[in-house]
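Here's the structure, in structure tokens; my notes come after.
Residue numbers count from 1 along this sequence. Order of listing sets the numbers, starting from 1, for every ligand and every atom in it. Heavy-atom basis, side chains included; hydrogens, waters and symmetry copies ignored. In this text, all values refer to a predicted model and were calculated from it rather than measured experimentally.
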Amino acid sequence: MAAIHSKPQLIKTLGSVPSRFGAPRKPTSLRCSAARPLHPRSYSITLLPGDGIGPEVVSVAKDILSVVGAHEGIEFFYNEMPMGGAALDAVGVPLPEETLAAAKQSDAVLLGAIGGYKWDGNEKPLKPETGLLQLRAGLGVFANLRPATVWPQLVDSSTLKKEVAEGVDLIVIRELTGGIYFGEPRGFGTNDKGEDFGFNTEIYSTFEIDRIARVAFEIARKRQSKLCSVDKANVLEASMLWRKRVNEIASEYSDVQLSHMYVDNAAMQLIRDPRQFDTIVTNNIFGDILSDEASIITGSIGMLPSASVSESGPGLFEPIHGSAPDIAGQDKANPLATVLSAAMLLRYGLGEENAARRIEAAVIETLNKGFRTSDIHSSGMVLVGCKRMGEEVLKSVDSQKPIVAVS
Ligand code: IPM
Ligand code: MG
């Protein structure tokens, strides 16, 4: 898990940057509606287990959240809702209105995974993935944080040579609610020759670029103060504006060292010398691709969490991996990406830094004890299933000493 290293910094008024990246958050209890419990540190969490291994990994993360909460004096109220293929089967749409409404009303959303062979052939509106895009758009979570950290315990699981992978600790900040994923016009047509075509639009406005750039600069500032903006400004107009605006916003962050890289080069550099990167900011589609690439440097996508946040509403927290239908229901999944997503939920969604650190420390301890699910297993280690891995993390949580805030 990428530590967001805290440095002393001046708190200043930040235009459109989620408060969790700039000034300290207001106590979340202020956001509780009358229907919510009056306990000063209680939060409502919408759980979206989804499909495949989703329910297994979310169940583990939920138990760990509850126990960590008990240690930290935080109470969680869970609301489990259908999403993805599970929702298609239950009510015929991938994101039921009730699910989106519940997510919007809660303090944070924890998602497992969506999709599976069963729904692969569905028309676009009835694909589980469409539900995920609707959820991101509905919550307005424009900033997607995808850390890729090579854990010392797992460095041998990387497909890269040890000397290349060792010490990698980067984060991809992906713009999540714009670009070619959502751009209009889009669709299918037929040309003069009677041939079918499909088309999409890569489009970014100044406002969209500025706000994701500010999030990225804020995060870079709390890490190694190195930001690399990835685009295709040698070809695409949307990227030309992207680069111009990122340069403009850079004037607000003179302490952060900014560089630019074309996406094809970035894809190569990530494999050639991943340690050169600290914080990467990029558009929706480049971020989709580069974050998968970055994830495999770490050895297993089963370890990588993510956070998607908006300016003010609840954030969406999910593992980067998919629903892995081939191992679903067999107690083989690695729950750690979801457990670490729960840590991101605490840090970025609720401002509960100590609780987040508790989870991360417990995961490290569990790995140090040698417990491994099959995706990260190597000789001499103890092979465990999803549930047992969760139990071991819980044991580590319970044996922890109180954690003192460093920041
Ligand atoms: C991701 C996934 C999604 C995306 C799919 C499932 C729609 O690949 O979160 O990276 O393309 O954003
Ligand atoms: Mg992806």
Side-chain angles (χ1 to χ4, degrees), residues 48-54 57-58 82-88 93-95 99-100 103 109-148 170-183 186 198 200-204 208 212 230 263 266-267 270 280-298 300-310 315-326 328 337-338 340-341 344-345 348:
L48 306 175
D51 311 316
I53 58 171
V57 293
V58 165
M83 157 91 195
L88 278 164
V93 290
L95 179 68
T99 298
L100 180 59
V109 182
L110 184 66
L111 171 72
I114 49 120
Y117 311 128
K118 185 175 174 187
W119 310 282
D120 277 352
N122 285 12
E123 291 285 302
K124 196 174 167 203
L126 299 181
K127 280 187 182 297
E129 290 79 3
T130 301
L132 180 58
L133 297 181
Q134 290 167 344
L135 181 66
R136 289 171 179 170
L139 292 174
V141 286
F142 68 90
N144 181 216
L145 283 46
R146 297 188 164 190
L170 60 87
I171 186 165
V172 177
I173 315 290
R174 169 187 178 192
E175 198 291 327
L176 201 63
T177 53
I180 201 165
Y181 271 59
F182 293 92
R186 64 190 300 154
N200 293 87
T201 303
E202 166 72 349
I203 180 165
Y204 273 106
E208 288 173 296
I212 190 73
V230 172
V263 64
L270 265 174
I280 294 174
V281 63
T282 192
N283 70 16
N284 204 341
I285 191 152
F286 298 161
D288 179 45
I289 298 164
L290 293 181
S291 62
D292 263 30
E293 190 187 355
S295 78
I296 202 59
I297 299 171
T298 70
S300 174
I301 200 164
M303 292 296 297
L304 294 190
S306 79
S308 304
V309 296
S310 68
L316 171 64
F317 302 85
E318 53 177 316
I320 286 187
H321 63 68
S323 59
D326 50 327
T338 314
L340 292 168
S341 298
M344 291 190 95
L345 179 156
Y348 295 111

Next item on the list: Look only at the side chain of T130 and the backbone of L126, and say whether a donor-acceptor pair between them is shorter than 3.5 Å.
Entry: no

Next item on the list: Would you check whether E129 has a nitrogen or oxygen atom less than 3.5 angstrom from a nitrogen or oxygen atom of ligand 1?
Entry: no

Next item on the list: Check each atom of ligand 1 against the heavy atoms of R174 and keep those under 4.0 Å away; list them by number with element.
Entry: 1 (C), 4 (C), 9 (O), 10 (O), 11 (O), 12 (O)

Check: Any sub-3.5 Å donor-acceptor pair from N144's side-chain atoms to I173's backbone N or O?
Finding: no

Margin query: If you consider just the N/O/S atoms, which atom of D288 is the closest one to the Mg ion (ligand 2)?
Written below: OD1

Notebook entry, point to check: Please state which protein non-hydrogen atom is closest to atom 1 (C) of ligand 1 and give its distance, to 0.1 Å?
Noted result: R146 NH2, 3.3 Å

Notebook entry, point to check: Can you tell me the protein heavy atom closest to atom 4 (C) of ligand 1 and the distance?
Noted result: Y181 OH, 3.5 Å

Next item on the list: For ligand 1, note which part of K127 has a heavy atom under 4.0 Å away: side chain, backbone, both or neither.
Entry: neither

Next item on the list: Provide the closest heavy-atom pair for I301 versus D292 in the form atom of the first, atom of the second, distance.
Entry: CD1-OD1, 4.3 Å

Note to self: Set out, in order, the CA-CA distance, both residues' side-chain angles and the distance that settles side chain to side chain contact (heavy atoms under 4.5 Å, CB included) for N284 and Y204, then state yes or no.
What the structure shows: CA-CA 10 Å; N284 204 341; Y204 273 106; 3.5 Å; yes

Check: Does ligand 1 have an atom under 4.0 Å from some heavy atom of H321?
Finding: no

Check: Heavy-atom contact under 4.0 Å between R136 and ligand 1?
Finding: yes

Checklist line | Any donor-acceptor pair under 3.5 Å from R146 side chain to D288 backbone | finding: no

Next item on the list: For E202 and I180, indicate whether the former's side chain and the latter's backbone hold a donor-acceptor pair under 3.5 Å.
Entry: yes

Checklist line | Distance from atom 8 (O) of ligand 1 to nearest protein heavy atom, with residue and atom | finding: D288 OD1, 3.3 Å

Margin query: Using modelled atom types and a 3.5 Å cut-off, is there a donor and acceptor pairing between side-chain atoms of S291 and backbone atoms of G287?
Written below: yes

Next item on the list: Flag D292 as yes if one of its N/O/S atoms falls below 2.8 Å of the Mg ion (ligand 2), otherwise no.
Entry: no

